[in-house]
Amino acid sequence: MLDKIKIILKNYTPSEDIRWKPKEVKNCPPTKYFYIAKIYNSNFSKKKFSLKLLLTADEKNDIFSLSINGSIRKWYYQKNSRKDLNFKEFIDCIELIAKELNTDVKTVLSGKVTQLEVGLTLLLKSEMREINDCLVKYRNAEREVFEETTLYFKFVNYKLIFYDKFLEMNKNTIWSDIEENVFKKFYFLRFEINAKKVSGMTFKNKFDTIEKIRNNWNMLPSVIEKYINDIVFVDVISEDKKIEINDYSDFVNYLTFLGIKKYGVLESINLFGKSLNINNKSKKLEEFINTYRTNVTNEFDFKAKLLVELRKKLDRLYNKSNNIITKKLINTL
DNA sequence: GGTCGCTCAGAAAGGTGTTG
DNA sequence: CAACACCTTTCTGAGCGACC
């Protein structure tokens with residue numbers, strides 16, 4: 001469930017097996033020196049998807065701190081696939097990193113996590129490809145669509161991202177017939193919670209050290225589901241219902257629906273941002289959107305399908321059936 | 001009965017000064 | 001610089017009368 005991560009180890013004793021290269025950094029105190037290096041996953045012979053190291057040396061006091069930065073997911077598998085780390089693999093990662101750094105597991109566990117990306121890839125049917133259009137609002141985040149297939153909800157310290165993993169993995173290649181078929185049939189939806197500053201969002205206290213991530217691994221599914229559930233969902237794809245207008249309220253209801261459709265769902269929702277009454281805003285918005293919802297058939301039920309697949313994948317990554325094994329793994333470290 | 005606006009508390013987001 | 005602690009602001013949902 002983890003992808004990109006930045007870990008800070010204090011009081012790390014630099015391994016002599018690593019080739020440290022001095023790095024010039026402008027505007028830094030004269031007593032500090034910087035060295036960079038890379039570590040690879042030595043379970044594989046190829047050297048791809050490294051983790052970048054930045055060693056800060058305060059040579060006066062002989063104190064070193066190490067920053068580890070990169071995608072442990074790609075690093076662990078040595079490829080960019082739709083696989084996601086489960087608990088056992090995460091524990092594996094910790095041990096591997098300790099080995100590569102020539103330090104003990106305890107040191108890695110104590111590492112501070114200052115940046116973290118929690119995410120997963122869902123295997124959906126290709127009809128689900130349009131689902132981004134239905135994710136219309138998330139709290140007060142800035143909604144932004146990039147190159148038509150990527151959707152962001154941005155805050156200062158973190159953002160939510162939805163994108164087509166298959167396109168991302170195969171963007172620079174010529175597709176074979178098999179790949180064409182896969183793309184036609186399936187949609188690899190990737191969802192990520194990208195924390196640029198862990199200390200400034202909800203991961204703080206729960207996922208801000210490697211040890212806490214390990215101990216709180218079982219909380220990750222509900223955290224991910226909470227973020228998804230908080231996104232305002234409107235089915236903008238299904239056909240309109242055939243509406244019978246029998247009285248005035250039916251008429252107003254239908255007019256509101258037509259108005260939202262004509263003016264645009266996103267634009268209509270934005271109107272509420274300017275609404276003066278803070279307290280009623282969310283309630284009104286909910287009513288407003290429900291009016292729209294009651295006028296579409298919702299024949300496909302995108303949201304339900306998304307949540308079902310999300311739950312399936314989370315169960316697998318959380319190792320629900322292996323709870324005892326999970327506890328044992330924690331105890332062995 | 002339903003709507004509106006006020007209050008409150010807790011959570012979430014953002015701003016800023018300090019620190020190594 | 002990056003990261004954090006600390007503080008302020010904003011958001012959100014629930015509760016509760018007042019009013020039509």
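Throughout, a chain's letter reflects where its sequence line sits, starting with A, and its residues are numbered from 1.
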Expressed as a whole number of angstroms, how long is the span from [X]:[atom1] to [N]:[atom2]?
X	N	atom1	atom2	answer
Tyr227(A)	dA13(B)	OH	P	6 Å
Asn69(A)	dA3(C)	CG	C1'	14 Å
Asn11(A)	dG20(B)	CG	C1'	12 Å
Asn194(A)	dA13(B)	CG	P	14 Å
Ile7(A)	dA3(C)	CD1	C1'	16 Å
Ile5(A)	dA3(C)	CD1	C1'	16 Å
Ile193(A)	dA12(B)	CD1	P	13 Å
Met201(A)	dT10(C)	CE	C1'	17 Å

Side chains of [X] and [Y]: does their closest heavy-atom pair fall under 4.5 Å?
X	Y	result
Cys134(A)	Val234(A)	no
Ile213(A)	Thr209(A)	no
Phe257(A)	Ile243(A)	no
Phe64(A)	Thr13(A)	no

- Report the residues that fulfil ring pair (Phe, Tyr, Trp, His ring centres under 6.0 Å) with Tyr187(A), sequence neighbours left out, ordered by chain and then residue number. none
- Toward the 5' end of DNA chain C, by each residue's nearest nucleotide, Lys137(A) or Lys196(A): Lys196(A)
Could you list all N or O pairs between the protein and nucleotides 18-20 of chain C that sit under 3.5 Å apart?
none

- For the residue pair Tyr152(A) and Phe146(A), categorise the inter-ring angle as parallel (less than 30°), tilted (30 to 60°) or perpendicular (more than 60°). tilted
- Can you tell me if the side-chain N/O atoms of Arg139(A) get under 4.0 Å from OP1 or OP2 in dA13(B)? yes
- Message: So, OP1 or OP2 of dC11(C): does either fall under 4.0 Å of a side-chain N or O from Asn140(A)?
- Response: yes
- Task: Tell me, with the steps shown, if Met128(A) and Phe300(A) meet side-chain contact (heavy atoms from CB on, under 4.5 Å).
- Result: CA-CA 9 Å; Met128(A) 296 286 282; Phe300(A) 198 74; 3.6 Å; yes
Selection from [options] that lies nearest to any side-chain heavy atom of [X]:
X	options	answer
Lys226(A)	dA3(C), dC11(C), dA12(B)	dA12(B)
Ile8(A)	dA3(C), dA5(C), dG14(B)	dA3(C)
Val156(A)	dT12(C), dG14(B), dT16(B)	dG14(B)

- Looking at DNA chain B, which of residues 111-119 of chain A put a heavy atom within less than 4.0 Å of it? none
- Query: Touch check for Lys6(A), heavy atoms < 4.0 angstrom, all strands: base, sugar-phosphate only, or nothing?
  - Reply: sugar-phosphate
- Message: Pick the closest DNA chain B nucleotide for Tyr158(A) and for Lys197(A) by heavy atoms, then say which residue is nearer the 5' end.
- Response: Tyr158(A)
- Query: Any cation-pi pair here, Arg129(A) with Phe183(A), using under 6.0 Å and within 45°?
  - Reply: yes
- Item | Nearest non-hydrogen partners of Glu127(A) and Phe302(A), listed with the distance | O-CE2, 3.4 Å
- Query: Taking all non-hydrogen atoms of both residues, which atom of Ser67(A) and which atom of Ile8(A) are closest, and how far apart?
  - Reply: CB-CD1, 3.8 Å
